[in-house]
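Comments concern the structure below.
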Amino acid sequence: MSIETNYKNLKRTLPSHVTLAAVSKTHPIEPIVELYNLGQRLFAENKVQELLEKHPVLPSAIEWHLIGHLQTNKVKFIVPFIDTIQSVDSEKLLNEINKQAEKIDRKIKVLLQVKIAQEDTKYGLEVNETKELLLKWNSGAFPFVEIEGLMGMASFTADQNQVKGEFQFLKHLYDQLKLYYPFKTLSMGMSSDYALAIDCGATLVRVGSALFGSRD
Ligand SMILES: *Cc1c(COP(=O)(O)O)cnc(C)c1O
């Protein structure tokens, strides 16, 4: 199917309170421009190098999100233009984002990536680490970052019940923290499970292959 068909079908199924992040990793410039011309503005990449190659040759109105693990020594390269860093998984990283953002007097939006999957290969904060970081942020430790919510990646499994349990876990934590912090984004769900994620309370879904086709 064409990107246009994929996009229109997907947009039709998304409730109005759910934001779509188009995951363009590994895909070339042309299909990204095609999607942009259909009206999509939020695109997400998981690698800094690829983001640095694409960003200068694509429209400046694109809101770029980083969704992959970020090394502290690369933060300075993306801070001038990134809209949101969804994959904050350590205090060291949050500290570096704050430091680089302060240098250019720009406030950076971030999400805290919480570990919800069973596999221990996935990056992410434990619940207690998430709460500790938020307490520090609230007491003024990172004035150049705006923590807008949480992000999570479910286990890579065909077991929908397990995936659902992981999404519900994150939604519960999100609701709990939202009582104390100005949260507005719960990022969960990809091509294979975004409908389930939305049922479980996602406000942002990260969809790649269902839009652009498989990455092979
Ligand atoms: C690649 C990726 C996605 C999108 O995956 P698809 O299955 O292609 O939709 C979503 N989130 C993260 C963190 C990713 O790395």
Side-chain angles (χ1 to χ4, degrees), residues 1-3 5-14 18-28 31-32 34-35 38 40-55 62-71 74 78 82-90 93 97 109-125 130 148-160 162-164 166-167 169-171 174 185-216:
M1 267 199 287
S2 72
I3 288 187
T5 311
N6 291 344
Y7 185 58
K8 289 186 171 162
N9 287 341
L10 179 57
K11 290 290 275 188
R12 246 198 306 276
T13 66
L14 295 183
V18 176
T19 303
L20 170 67
V23 179
S24 50
K25 66 188 187 194
T26 77
H27 296 288
I32 301 175
E34 189 182 344
L35 208 50
L38 291 167
Q40 179 66 19
R41 290 296 178 268
L42 200 175
F43 290 84
E45 291 281 336
N46 70 334
K47 293 203 170 85
V48 169
Q49 188 53 42
E50 196 172 340
L51 186 56
L52 292 177
E53 284 164 20
K54 286 174 173 171
H55 158 255
I62 289 183
E63 287 172 36
W64 288 105
H65 284 210
L66 188 77
I67 58 173
H69 179 66
L70 175 58
Q71 290 171 272
K74 295 192 175 156
I78 64 168
I82 200 80
D83 179 82
T84 301
I85 299 171
Q86 293 200 10
S87 41
V88 171
D89 56 7
S90 71
L93 178 58
I97 295 168
K109 294 184 273 182
V110 307
L111 303 180
L112 299 181
Q113 182 175 355
V114 181
K115 189 169 151 55
I116 56 171
Q118 293 299 317
E119 304 119 63
D120 44 34
T121 50
K122 297 244 165 87
Y123 293 104
L125 298 157
T130 306
E148 295 201 326
L150 305 177
M151 184 270 239
M153 275 182 94
S155 293
F156 185 69
T157 170
D159 182 350
Q160 290 296 97
Q162 184 176 338
V163 172
K164 187 176 178 185
E166 293 170 2
F167 286 158
F169 175 84
L170 192 59
K171 165 68 169 161
Y174 179 81
T185 304
L186 177 57
S187 170
M188 55 185 197
M190 329 201 315
S191 292
S192 58
D193 53 22
Y194 69 84
L196 180 58
I198 292 168
D199 284 344
C200 294
T203 70
L204 184 148
V205 291
R206 310 177 305 267
V207 179
S209 43
L211 279 171
F212 293 102
S214 69
R215 284 183 294 276
D216 46 55

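All heavy atoms count here, side chains included; hydrogens, waters and symmetry mates do not. Each ligand, and each atom within it, is numbered from 1 in the order the structure gives.
- Nearest protein neighbour of atom 12 (C) of ligand 1, counting heavy atoms only, is Ile67 CD1, 3.5 Å.
- Taking every heavy atom of both residues into account, Arg206 and Met151 meet most closely at NH1-CG, 3.4 Å.
- Among protein heavy atoms, atom 10 (C) of ligand 1 sits closest to Met190 SD, 3.3 Å.
- The shortest N or O to N or O distance between Ser192 and ligand 1 is not below 3.5 Å.
- Of all heavy-atom pairs between Leu70 and Ile78, the closest is CD2-CD1, 4.0 Å.
- Shortest contact from atom 8 (O) of ligand 1 to any protein heavy atom: Arg215 NH1, 2.6 Å.
- Aromatic ring pairs are classed by plane angle as parallel below 30°, tilted from 30° to 60° and perpendicular above 60°; the pair Phe212 and His27 is parallel.
- Contact detail for Leu93 and Ser87: the closest heavy-atom pair is CD2-O, 3.8 Å.
- Looking only at protein heavy atoms, the nearest one to atom 14 (C) of ligand 1 is Lys25 NZ, 3.0 Å.
- Annotation for ligand 1: atoms under 4.0 Å from non-hydrogen atoms of Ser191 are 6 (P), 7 (O), 8 (O), 9 (O).
- Distances below 4.0 Å separate heavy atoms of Val207 from the following atoms of ligand 1: 9 (O).
- Remark: minimum distance from atom 11 (N) of ligand 1 to any protein heavy atom is reached at Arg206 NE, 2.9 Å.
- Checked against a 3.5 angstrom limit, the closest N/O atoms of Val23 and ligand 1 fall outside it.
- Ser209 OG, 3.5 Å is the protein heavy atom nearest to atom 7 (O) of ligand 1.
- Between the side chain of Gln40 and the backbone N or O of Leu42, at least one donor-acceptor pair lies under 3.5 Å.
- Taking all atoms of both residues into account, the shortest heavy-atom contact from Leu35 to Leu211 is CD2-CD1, 4.1 Å.
- Judged purely by distance below 3.5 Å, without hydrogens or angles, the side chains of Gln162 and Ser155 pair a donor atom with an acceptor atom.
- Using a 4.0 Å cutoff on heavy atoms, Gln86 does not count as a contact of ligand 1.
- Residues Asp193 and Ala154 share a closest heavy-atom pair of OD2-CB, 4.4 Å.
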